[in-house]
Amino acid sequence: MRIKPLTFALTAALGMTLATPSFAQETREFSVSTVLSDAFPWGQAAEKWAELVNERSDGRLTLKVYPNAQLVSGDQTREFSAMRSGLIDMAVASTINWSPQVPELNLFSLPFLMPDEAAIDAITQGSSGEKIFTAIDKKGVMPLAWGENGFRELSNSKHTIDGPEDVQGLKVRVVGSPLFLDTFSTLGANPTQMSWADAKPALTTGAIDGQENPLSVFDVARVDQVGQSYLTLWHYMADPLVFGVNKKVWKSLSEEDQTLLQQAAVDAGAWEIEKSRNELSDTLAAIKERGVEVTELTPEQHQAFVDATAEVYQKWIPRIGAELVAEAQAAIAAR
Ligand code: X2X
């Protein structure tokens with residue numbers, strides 16, 4: 001964070017002093033961490049936030065986006081800790097990458113909890129979403145708004161996957177939370193935890209056979225070009241994005257600027273969610289056009305995956321909070 005002493009320079013030049021610092025005349029720049037750049041919806045969400053904040057503050061407030069988790073040297077699971085300690089001012093972050101520090105965020109990673117987009121909204125726009133924001137707040141970061149990375153689909157270089165038995169023995173790259181190790185181990189796969197920065201080289205060399213990410217990531221990162229020829233649309237989970245601010249930074253802002261920052265985050269998040277959902281069918285068509293074999297599951301095949309991963313709930317419900325899970329499930333049922 002940088003504070004330019006415009007107020008001081010001006011008043012000194014005029015030979016005056018001000019009794020209280022005027023927030024209104026400060027020019028400030030803040031760092032914003034993301035994992036994916038603005039080639040992806042995720043990075044675009046952060047850039048939209050920056051654009052709205054700059055516009056609405058008449059250039060007083062600047063958000064500078066640092067993609068590729070570069071503020072934590074690519075180690076995306078350290079982003080939350082770096083935010084809490086003030087190394088990062090703000091972030092647009094996946095719930096997955098913050099879940100090691102905020103256990104409640106594992107809710108979204110429970111396999112097959114959310115069947116469709118309305119189910120994601122039932123959580124994020126409802127009382128369970130508020131409880132999750134309270135949990136993030138309690139852990140030391142101010143959450144402002146939701147965005148979306150998207151439903152994560154499974155790809156691999158070996159063969160078609162349309163049942164749990166096809167996953168057996170596959171070396172699959174998974175993301176930060178240990179929950180993913182459990183989900184893939186339960187399916188008989190050989191999961192290995194790795195940052196996104198390390199994933200593509202590992203796919204290229206064949207050190208791993210598969211990975212899971214939203215269609216937009218598969219498409220923009222050209223994951224098919226590193227041998228991932230088989231893609232199964234199993235919609236097993238979706239990771240929302242959270243717009244968050246370091247607590248000290250938040251408290252240093254005037255009430256007006258807090259409102260401005262939050263409203264801009266809400267607007268940027270809504271804009272990005274709509275955009276990325278609207279782009280999904282074109283993205284899928286582009287992936288198919290490049291020769292990727294895309295598998296859609298029958299209801300029976302889908303159910304086989306649901307049954308095969310059911311035991312993950314037993315282990316993780318107590319860690320996430322039984323009440324929170326039940327509340328989310330009720331909201332989804334009522335959507
Ligand atoms: O690492 C991933 O797979 C990514 C880019 O989707 C996240 O940061 C959760």
Side-chain angles (χ1 to χ4, degrees), residues 32-47 65-83 88 91-102 105-111 114 120 124 136 146-156 171-181 183-184 189 191-204 207-224 226 228 231-244 269 272-273 276 279-280 283 287:
V32 181
S33 172
T34 65
V35 176
L36 298 179
S37 76
D38 62 4
F40 303 81
W42 183 340
Q44 290 157 17
E47 291 295 351
V65 182
Y66 294 86
N68 306 318
Q70 60 185 280
L71 297 176
V72 282
S73 310
D75 189 353
Q76 60 212 57
T77 52
R78 279 178 37 225
E79 188 182 58
F80 189 86
S81 307
M83 272 202 83
I88 296 173
V92 180
S94 164
T95 52
I96 295 173
N97 295 329
W98 286 5
S99 59
Q101 291 84 26
V102 188
L105 290 175
N106 285 291
L107 174 73
F108 298 102
S109 306
L110 284 172
M114 303 177 293
I120 307 174
T124 57
I136 296 172
W146 297 98
E148 192 158 291
N149 195 20
F151 277 102
R152 302 178 71 90
E153 316 295 7
L154 180 62
S155 75
N156 85 102
K171 280 177 270 166
V172 182
R173 175 265 172 172
V174 293
V175 265
S177 168
L179 188 154
F180 290 88
L181 293 174
T183 299
F184 281 88
T192 163
Q193 212 166 305
M194 197 179 287
S195 71
W196 176 241
D198 293 335
K200 234 182 146 181
L203 289 166
T204 308
I208 47 174
D209 306 317
Q211 64 88 44
E212 46 79 59
N213 248 302
L215 291 181
S216 62
V217 180
F218 187 93
D219 178 40
V220 177
R222 292 291 189 267
V223 174
D224 54 299
V226 289
Q228 297 288 289
L231 181 63
T232 297
L233 306 183
W234 65 342
H235 307 310
Y236 83 127
M237 65 139 318
D239 48 333
L241 302 173
V242 177
F243 292 68
E272 184 263 343
I273 290 170
S276 61
E279 285 170 353
L280 274 175
T283 303
I287 291 170

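Atoms within a ligand are numbered from 1 in the order they appear, just like the ligands themselves. Values below: every heavy atom of this structure, side chains too, minus hydrogens, waters and symmetry copies.
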Checklist entry - If you measure from each heavy atom of Gln211 to ligand 1, is any distance below 4.0 Å? => result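 No.
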Next on the checklist: Testing the 3.5 Å rule here: is there a donor-acceptor pair between the side chains of Glu79 and Ser33?
Outcome noted: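 There is such a pair (donor and acceptor under 3.5 Å, judged by atom type) between the side chains of Glu79 and Ser33.
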Next on the checklist: Can you confirm whether the side chains of Ser94 and Asp239 place a donor and an acceptor under 3.5 Å from each other?
Outcome noted: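 Yes - a donor-acceptor pair under 3.5 Å links their side chains.
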Top protein contact for [atom], by heavy-atom distance:
atom: atom 8 (O) of ligand 1; result: Asn97 ND2, 2.9 Å
atom: atom 6 (O) of ligand 1; result: Asn213 OD1, 2.7 Å
atom: atom 1 (O) of ligand 1; result: Gln76 NE2, 2.7 Å

Item to check | ligand 1 versus Met194: contacting region, heavy-atom distance under 4.0 Å | outcome: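 None of Met194 does.
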Next on the checklist: Quick check: Trp234 with Tyr236 (ring centres under 6.0 Å apart)?
Outcome noted: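 Distance test on ring centres: under 6.0 Å, yes.
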Item to check | Nearest-option assignment for atom 7 (C) of ligand 1, heavy atoms, candidates Trp196, Trp98, Trp42 | outcome: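 That would be Trp42.
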How long is the gap from [atom1] on [X] to [atom2] on [Y], to the nearest 0.5 Å?
X: Glu212; Y: Thr232; atom1: CD; atom2: OG1; answer: 12.5 Å
X: Glu272; Y: Leu241; atom1: CD; atom2: CG; answer: 5.5 Å
X: His235; Y: Leu154; atom1: NE2; atom2: CG; answer: 12.5 Å

Taking only heavy atoms of [X], which atoms of ligand 1 are found under 4.0 Å from at least one of them?
X: Ser94; answer: 9 (C)
X: Arg173; answer: 1 (O), 2 (C), 3 (O)
X: Asp239; answer: 9 (C)
X: Arg152; answer: 2 (C), 3 (O), 6 (O), 9 (C)
X: Asn149; answer: 6 (O)

Checklist entry - Is Leu181 close to Val174 at the side-chain level, that is, under 4.5 Å between some pair of heavy atoms? => result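 Counting from C-beta outward, Val174 and Leu181 do come under 4.5 Å.
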Item to check | Partner of Trp98 under ring pair (Phe, Tyr, Trp, His ring centres under 6.0 Å), chosen from Phe108, Phe80, Phe243 | outcome: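 The ring pair (Phe, Tyr, Trp, His ring centres under 6.0 Å) with Trp98 is passed solely by Phe80 among Phe108, Phe80, Phe243.
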